[in-house]
Amino acid sequence: MITDYLNRTSQTDSLPENSPDKRKRRLRVLGAFLIICAASFLAVRAYKFAKLTAAAPLTTEQTALLAENLRASYASQYQLVKELPYNLAPRTLNLLAESAILIDVSNGCILYEKNADEIIPPASMTKLFSLFVVEEEVSRGRFSYDSIIPLPPESWACNAPPHSSLMFLGEGQRVTLEELLTGLSVCSGNDAAYALAYATCGSMPAFVDRMNQIAADLGLSHTYFEESSGYSENNLTTAREMAAFSRLYLKNHPDSLARYHSVPQFTYPKEHNLAPGDSLANQDFSQGFPRHITMPITQKNTNPLLGKLDGCDGLKTGYIDESGYNLSLTAERKGTRFLSVTMKGPGTSVSEGQAGRVHDGTELMEWAFSNFFDYQIPAEYKSIFVKSFFIKGMGLNLLPAWSDAVTIPFIKGESLDQCRGLVKITALLPRQSDLVKKISAGQLLGHLIISVGDSELCRIPLVSDRDSAFGL
């Protein structure tokens with residue numbers, strides 16, 4: 001047989017180049033070669049497919065495209081405050097303030113509101129914007145917390161308007177940025193607000209322009225400032241917009257809670273703050289403040305719920321006659337943080353105003369912690385790898401369109417641990433037939449279903465993390 005084959009091959013090789021038999025032989029050889037190559041390619045691809053456990057990491061450009069597409073497709077979910085994804089029974093709370101709102105900080109969902117769009121002067125809640133501007137400058141490396149800040153005459157206590165809240169800055173004192181931020185938060189020092197404005201932007205108008213630009217960029221259409229301390233009744237905002245901004249402030253600068261807002265009291269000036277040649281000594285302020293302040297003054301944090309409300313660690317009070325008693329309040333318990341803003345609280349004296357803040361803050365927070373908790377999406381559901389021969393690269397990741405915690409209502413009569421055990425998450429994934437097409441970054445391909453017991457609470461879209469054209 002071998003001899004016969006060799007004879008036939010020899011005979012074929014002796015055929016003319018363009019003979020039909022020789023062309024057929026070449027086609028058969030080429031066909032066999034292509035079949036072997038295809039089989040090898042598919043075998044290697046099948047091996048890689050079987051071993052594949054994750055898609056290639058996204059490039060910087062892919063990450064930016066995904067973020068852009070998600071914000072365009074799910075704009076409402078990226079708002080700083082938004083409605084819950086499910087309906088609640090009507091809530092009746094006993095509040096004294098004329099305007100109020102309560103949100104879950106993790107996702108911005110509104111749990112309660114009362115006249116939340118009434119336009120009211122924020123008073124010293126304005127200082128949250130001042131703190132934000134300065135903290136952003138620190139983040140950019142322009143300042144450090146131990147930077148020594150010059151004190152222009154506009155920031156001296158002796159030049160402050162009557163009845164101002166002060167940390168008692170004086171001529172020639174040496175004060176760090178961190179001390180000014182602490183005095184701004186704990187003592188609500190208007191003098192600190194002026195010192196920070198001049199240090200950051202060179203003038204109060206330039207600093208206020210920064211504050212107003214931040215409000216405009218966030219879409220806070222009812223928020224406007226004329227100065228940074230909150231003393232002016234021409235500063236304006238709403239409870240809803242102040243809650244939205246407070247959430248952003250906490251998200252961008254969470255360390256500020258421990259660094260400033262939960263500090264129970266602040267003493268200033270200390271010996272190292274005094275102007276050259278001064279020494280610590282008592283002073284008589286009955287005829288006004290001198291240019292040089294030398295008497296240490298200890299002031300308690302203006303937030304009356306620190307140390308009284310479990311988990312309270314911020315945020316900022318405010319009062320002028322035109323605003324009544326305002327409070328942006330936050331507290332955290334067992335991984336869940338809520339934030340409330342109350343405005344136009346009643347009171348004809350500081351003690352009455354503080355009592356109203358305590359009443360309303362306690363009413364809102366205790367109701368929230370008694371009725372809701374946060375459920376964090378488990379890590380294995382934050383990126384789900386889907387393999388497919390029909391996708392270039394043989395797979396992509398499915399991501400939740402947003403990954404904020406979900407606000408879960410308590411089931412009546414159940415403890416927190418029992419309620420957590422009743423929460424279920426189910427992933428609805430695409431069929432292979434759904435992947436035989438061009439896919440865009442952010443495209444809806446499935447859902448995460450969050451349920452409590454047998455009741456579905458909400459659905460979170462699962463989206464493609466990248467563009468993927470159909471093809472092997």
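Keep in mind that the numbers below use all heavy atoms, side chains included, and drop hydrogens, waters and symmetry copies. The shown structure was predicted, so the numbers you read here are calculated from the model rather than taken from an experiment.
- Between the side chains of E227 and N235, at least one donor-acceptor pair of N or O atoms lies under 3.5 Å.
- Using modelled atom types and a 3.5 Å distance limit, the side chains of S144 and S147 yield a donor-acceptor pair.
- Here the NZ atom belonging to K82 is positioned 5.0 Å from the SG atom belonging to C109, to the nearest 0.5 angstrom.
- Checked by atom type and distance alone, the side chain of N69 never pairs as donor or acceptor with a backbone atom of G442 at under 3.5 Å.
- Closest approach of A206 to C201, counting heavy atoms only: CB-O, 3.6 Å.
- At a threshold of 4.5 Å between non-hydrogen side-chain atoms, the residues L151 and E171 do not count as touching.
- Side-chain atoms of N301 never come within 3.5 Å of backbone atoms of Q265 as a donor-acceptor pair (strictly under, hydrogens ignored).
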- [ ] Report the C-alpha separation of L329 and R357 in whole Å, then their side-chain angles, then the decisive distance to 0.1 Å, and conclude whether the side chain to side chain contact (heavy atoms under 4.5 Å, CB included) test is met.
- [x] CA-CA 9 Å; L329 175 70; R357 286 170 174 157; over 6 Å; no
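- One N or O on the side chain of R247 and one on the backbone of S106 form a donor-acceptor pair closer than 3.5 Å.
- Not a single donor-acceptor pair under 3.5 Å links the side chain of S73 to the backbone N or O of L70.
- Relative to the six-membered ring of F369, R333 meets both conditions, a distance below 6.0 Å and an angle of at most 45° to the axis.
- Looking only at atom types and distance, the side chain of D217 has a donor-acceptor partner in the side chain of Q213 under 3.5 Å away.
- D467 approaches S440 most closely through the heavy-atom pair OD1-CA, 3.2 Å.
- Under 3.5 Å, the side chains of T348 and E352 contain a donor-acceptor pair of N or O atoms.
- Aromatic pair Y78/W402: centroids not less than 6.0 angstrom apart.
- Heavy atoms only, all atoms of each residue included: G347 and Y325 are closest at O-CE1, 3.6 Å.
- For the residue pair H222 / E118, no side-chain donor-acceptor distance below 3.5 Å is found, with atom types taken as modelled.
- Partner of F129 under the ring-ring contact (aromatic ring centres under 6.0 Å, His included) criterion, chosen from Y224, F245, Y249, F207: F245.
- The closest side-chain heavy-atom distance from F143 to I149 is below 4.5 Å.
- Y145 and E135 share a side-chain donor-acceptor pair at under 3.5 Å.
- Proximity of the aromatic rings of F338 and W367 is defined here by a centroid distance below 6.0 angstrom, and this criterion is not met.
- When all heavy atoms are compared, the tightest approach of A193 to S228 is O-OG, 3.5 Å.
- Between the side chains of S165 and S188, no donor-acceptor pair is found at a separation under 3.5 Å.
- The number of heavy atoms from other shown groups lying within 6.0 Å of CZ (R259) is above 12.
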Open item on the list: Set out, in order, the CA-CA distance, both residues' side-chain angles and the distance that settles side chain to side chain contact (heavy atoms under 4.5 Å, CB included) for R337 and D313, then state yes or no.
Closed with: CA-CA 10 Å; R337 178 176 292 281; D313 51 6; 2.9 Å; yes
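- Counting only heavy atoms from C-beta outward, the side chains of L398 and S383 never approach each other to under 4.5 Å.
- Once rounded to the nearest 0.5 Å, the distance linking CZ of F289 with CG of L169 reads 11.5 Å.
- For CD of E380, the number of neighbouring non-hydrogen atoms (other residues, nucleotides, ligands) closer than 6.0 Å is greater than 12.
- With rounding to the nearest 0.5 Å, the separation of CG in L327 from CG in L315 is 8.5 Å.
- When atom types are taken as modelled, the side chain of S185 and the backbone of L181 share no donor-acceptor pair closer than 3.5 angstrom.
- Heavy-atom minimum distance, W156 versus G170: CD1-C, 3.9 Å.
- Side chains of L95 and E363 form a contact here, defined as non-hydrogen atoms less than 4.5 Å apart.
- By the 4.5 Å heavy-atom criterion applied to side chains, I119 and T237 are not counted as neighbours.
- There is a side-chain donor-acceptor pair under 3.5 Å between N234 and E226.
- No hydrogens or angles considered: a donor-acceptor pair under 3.5 Å links the side chains of Q173 and Y268.
- Of the options L462, N397, L396, a side chain to side chain contact (heavy atoms under 4.5 Å, CB included) to I384 is made by L462 and by none of the others.
- Annotation: side chain of L250 is in contact with side chain of T330 (closest heavy-atom distance under 4.5 Å).
- Dense packing is recorded around NE2 of H272, with more than 12 heavy atoms of other residues, nucleotides or ligands lying under 6.0 Å away.
- Between F372 and F410, the gap from one ring centroid to the other reaches at least 6.0 Å.
- Rounding to the nearest 0.5 Å places CD1 of I110 at 11.5 Å from CG of D104.
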- [ ] Report the C-alpha separation of L58 and D465 in whole Å, then their side-chain angles, then the decisive distance to 0.1 Å, and conclude whether the side chain to side chain contact (heavy atoms under 4.5 Å, CB included) test is met.
- [x] CA-CA 8 Å; L58 295 180; D465 70 338; 3.6 Å; yes
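- In this structure a side-chain-to-backbone donor-acceptor pair under 3.5 Å is missing from E456 to R459.
- Two residues are said to be in side-chain contact when any heavy atoms from C-beta on lie closer than 4.5 Å; C187 and T302 fail this criterion.
- For T223 and E241, the side-chain atoms include at least one donor-acceptor pair closer than 3.5 Å.
- Donor-acceptor pairing under 3.5 Å is lacking for the side chains of D191 and S164.
- Counting only distance, with no hydrogens or angles, the side chain of T200 and the backbone of A197 share no donor-acceptor pair below 3.5 Å.
- Taking CE from M295 and CG from L274, the interatomic distance works out to 12.5 Å, rounded to the nearest 0.5 Å.
- Using a 3.5 Å distance cut-off with no hydrogens or angles, the side chains of K127 and S124 do pair a donor with an acceptor.
- With no hydrogens or angles considered, no side-chain donor-acceptor pair links N326 and K316 at under 3.5 Å.
- Between the side chain of S323 and the backbone N or O of I320 there is at least one donor-acceptor pair closer than 3.5 Å.
- A donor and an acceptor atom, one from each side chain of N273 and E179, are located under 3.5 Å apart.
- Residues T176 and D146 have side chains that never bring a donor and an acceptor to within less than 3.5 angstrom of each other.
- P122 has its side chain within reach of M242: a pair of non-hydrogen atoms, C-beta onward, lies under 4.5 Å apart.
- Here Q79 contributes atom CD and R71 contributes atom CZ; the two are 11.0 Å apart, rounded to the nearest 0.5 Å.
- Between A157 and L166, the shortest heavy-atom distance links the atoms CB-CD1, 4.0 Å.
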Open item on the list: For a side chain to side chain contact (heavy atoms under 4.5 Å, CB included) check, start with the C-alpha distance between Y194 and L180, then their side-chain angles and the critical distance, and finish with the verdict.
Closed with: CA-CA 10 Å; Y194 274 75; L180 285 172; over 6 Å; no
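- Shown here is K382, whose NZ atom has more than 12 heavy atoms of other residues, nucleotides or ligands within 6.0 Å.
- Listed for the R466 side chain is a donor-acceptor partner under 3.5 Å among the backbone atoms of A56.
- Using modelled atom types and a 3.5 Å distance limit, the side chains of H292 and Q283 yield no donor-acceptor pair.
- At distances below 3.5 Å, at least one donor-acceptor pair connects side-chain atoms of N115 with backbone N or O atoms of E98.
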